[in-house]
Student: 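After the structure tokens below, expect a handful of questions from me.
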Amino acid sequence: MNDLQNPVKTVVITGPTATGKTALAVALAREFNGEIVSVDSRQVYKGMDIGSGKDISEYGEIPYHLIDIADPATETFNLFDFCHAAYAAIADIVSRGKLPILCGGTALYLNALLQSYELPGGKLPERQSGLPRVRQEGTEPAFSAPFKLDALVLGVYYPRKVVRSRIEARLDARFEAGMIDEIKNLNSSGVSFEKLEFFGLEYREISRYLQNLCSFEEMRNTLLNRIRQFAKRQDIFFRKMEREGVQIYWLNEAKDPDPRKLITAFLNGEKLPETGFKLCDHLNGPSFT
């Protein structure tokens, strides 16, 4: 058991949206006695299931953390809140002799843990168009990481054309699964359209559709383009992380190099192989040829 005085060994599964991160994290958690900590800025909210891609059914018996812990109608969960909750979850997992597996694509949240961000106290006021946001003094102390992470970062990679196709297929599957009704029900239960639009992507564009501001076809096409743009922004942030010293092992189609071999070597304290390439060295991602 780690006493938290030494860096905590942690496995990270990350990558762009629609690359199957949850399925891989669950499979690895089963094999390595792990529990999953979601690193997703929207999965923390109750009722935001289909649109945020919680995929709860995939977890089975594997415990998960930082999912369904905030009320979207009354709470705004930010980076400060995430850091507090994530470190608490990791400490809890370690105290029971389990392996923490961080899984998600909110790159800022992930980087905050990997780089031990220090955050100032107080809170920013609510966003108001055209007005600067000046941090307000408050009773909350500044945040600093209570312990360090020794992280093996695994990124799921598919060629950009494949990611674009996977995004489209997943979007249509979510429509079939009832994503529009989910957002309609959130609004009926007290989450304003303004708040839903704040959550972005699916919640923003479908809210516009529900307010008769666009047709279904317009909404779907806009949403598809925005999700694809979001995936590009994720890649940009991953490149930034690499340039700042975060070593990411990119797994071609989630399996090459073998993540199980990497994790076994990592947990045994063995020297890991070189990554072979960095995403930041390739404008459109590595070719894996």
Side-chain angles (χ1 to χ4, degrees), residues 17-18 21-22 36-59 63-89 102-110 112-113 119 122-129 131 133 135-136 138 140 143 167 170-171 173-214 216 219-220 222-224 226-227 229-231 233-234:
T17 190
K21 296 182 291 293
T22 300
I36 295 174
V37 179
S38 172
V39 185
D40 189 289
S41 62
R42 301 188 302 177
Q43 291 185 5
V44 297
Y45 293 106
K46 300 172 184 176
M48 293 172 53
D49 303 331
I50 302 172
S52 71
K54 287 177 185 171
D55 300 324
I56 296 298
S57 62
E58 292 192 26
Y59 287 93
Y64 55 83
H65 305 260
L66 273 61
I67 291 177
D68 291 340
I69 62 173
D71 184 341
T74 60
E75 298 177 81
T76 299
F77 198 90
N78 56 30
L79 178 62
F80 193 93
D81 301 319
F82 171 78
C83 287
H84 274 286
Y87 280 107
L102 310 182
C103 176
T106 301
L108 173 63
Y109 282 17
L110 175 59
L113 301 181
L119 304 174
K123 290 187 174 181
L124 290 171
E126 293 295 324
R127 290 185 183 275
Q128 295 185 23
S129 178
L131 297 179
R133 300 179 76 200
R135 185 171 294 279
Q136 300 169 337
E140 289 185 351
F143 176 84
I167 287 171
R170 189 187 64 174
L171 177 60
R174 287 181 176 180
F175 282 130
E176 289 290 328
M179 182 165 58
I180 292 176
D181 285 339
E182 172 179 286
I183 295 171
K184 186 184 299 183
N185 291 337
L186 283 165
N187 179 249
S188 298
S189 63
V191 186
S192 68
F193 280 127
E194 181 180 12
K195 187 68 177 290
L196 286 166
E197 290 180 20
F198 166 80
F199 294 126
L201 295 177
E202 294 88 350
Y203 296 94
R204 174 181 295 143
E205 300 307 326
I206 293 176
S207 290
R208 295 186 71 252
Y209 168 69
L210 292 174
Q211 295 173 86
N212 298 315
L213 298 176
C214 58
F216 176 83
M219 176 269 289
R220 179 196 176 277
T222 298
L223 180 52
L224 178 60
R226 292 196 186 283
I227 297 173
Q229 291 166 2
F230 172 65
R233 292 196 300 273
Q234 287 177 300

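The structure presented is a predicted model; accordingly, all values stated were derived computationally and were not measured.
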Student: For Tyr64 and Glu58, which I'm curious about, is there any donor-acceptor pair between the side chains at under 3.5 Å?
Tutor: no
Student: Does this structure show an ion pair linking Arg226 with Glu205, if we count only N-O contacts that are shorter than 4.0 Å?
Tutor: yes
Student: So Phe216 and Tyr209, would you call those rings parallel, tilted or perpendicular, with 30° and 60° as cut-offs?
Tutor: perpendicular
Student: Give me the ring orientation class for His84 and Phe80: parallel if the planes are under 30° apart, tilted from 30 to 60°, perpendicular past 60°.
Tutor: tilted
Student: Any chance NZ of Lys184 has more than 12 other-residue heavy atoms, nucleotides or ligands included, within less than 6.0 Å?
Tutor: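 No, not enclosed.
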Student: Just so I know, are the side chains of Glu197 and Tyr203 near enough to count as touching, which here means a heavy-atom distance under 4.5 Å?
Tutor: no
Student: Output the distance between atom OG1 (Thr22) and atom CD1 (Ile36), rounded to the nearest 0.5 Å.
Tutor: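 One gets 7.0 Å once the value is rounded to the nearest 0.5 Å.
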Student: Any carboxylate oxygen within less than 4.0 angstrom of a Lys/Arg side-chain nitrogen, looking at Lys54 and Asp68?
Tutor: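 Salt bridge present between Lys54 and Asp68.
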Student: Compare all side-chain heavy atoms of Ser41 with those of Phe77 and state whether any distance is below 4.5 angstrom.
Tutor: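 The answer is no; the side chains never approach within 4.5 Å.
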Student: Return the CG to CD1 distance between Asp55 and Ile67, rounded to the nearest 0.5 Å.
Tutor: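 Asp55 CG to Ile67 CD1: 9.0 Å, rounded to 0.5 Å.
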Student: Measuring only between side-chain heavy atoms, which start at C-beta, is Ser207 closer than 4.5 Å to Arg204?
Tutor: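 A side-chain contact is absent here, since even the closest heavy-atom pair is not under 4.5 Å.
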Student: Under a 3.5 Å cutoff, is there a donor and acceptor pairing between the side chains of Gln234 and Gln229?
Tutor: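 Judged by distance alone, the side chains do not pair up.
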Student: Could you check whether any side-chain heavy atom of Glu202 comes within less than 4.5 Å of a side-chain heavy atom of Ile227, counting everything from C-beta outward?
Tutor: yes
Student: Establish, from distance only, whether the side-chain atoms of Arg170 and Thr17 form a donor-acceptor pair under 3.5 Å.
Tutor: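 Side chains of Arg170 and Thr17: pair found under 3.5 Å.
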Student: Is there side-chain contact between Phe193 and Asn187, with at least one heavy-atom pair below 4.5 Å?
Tutor: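 Yes, side chains in contact.
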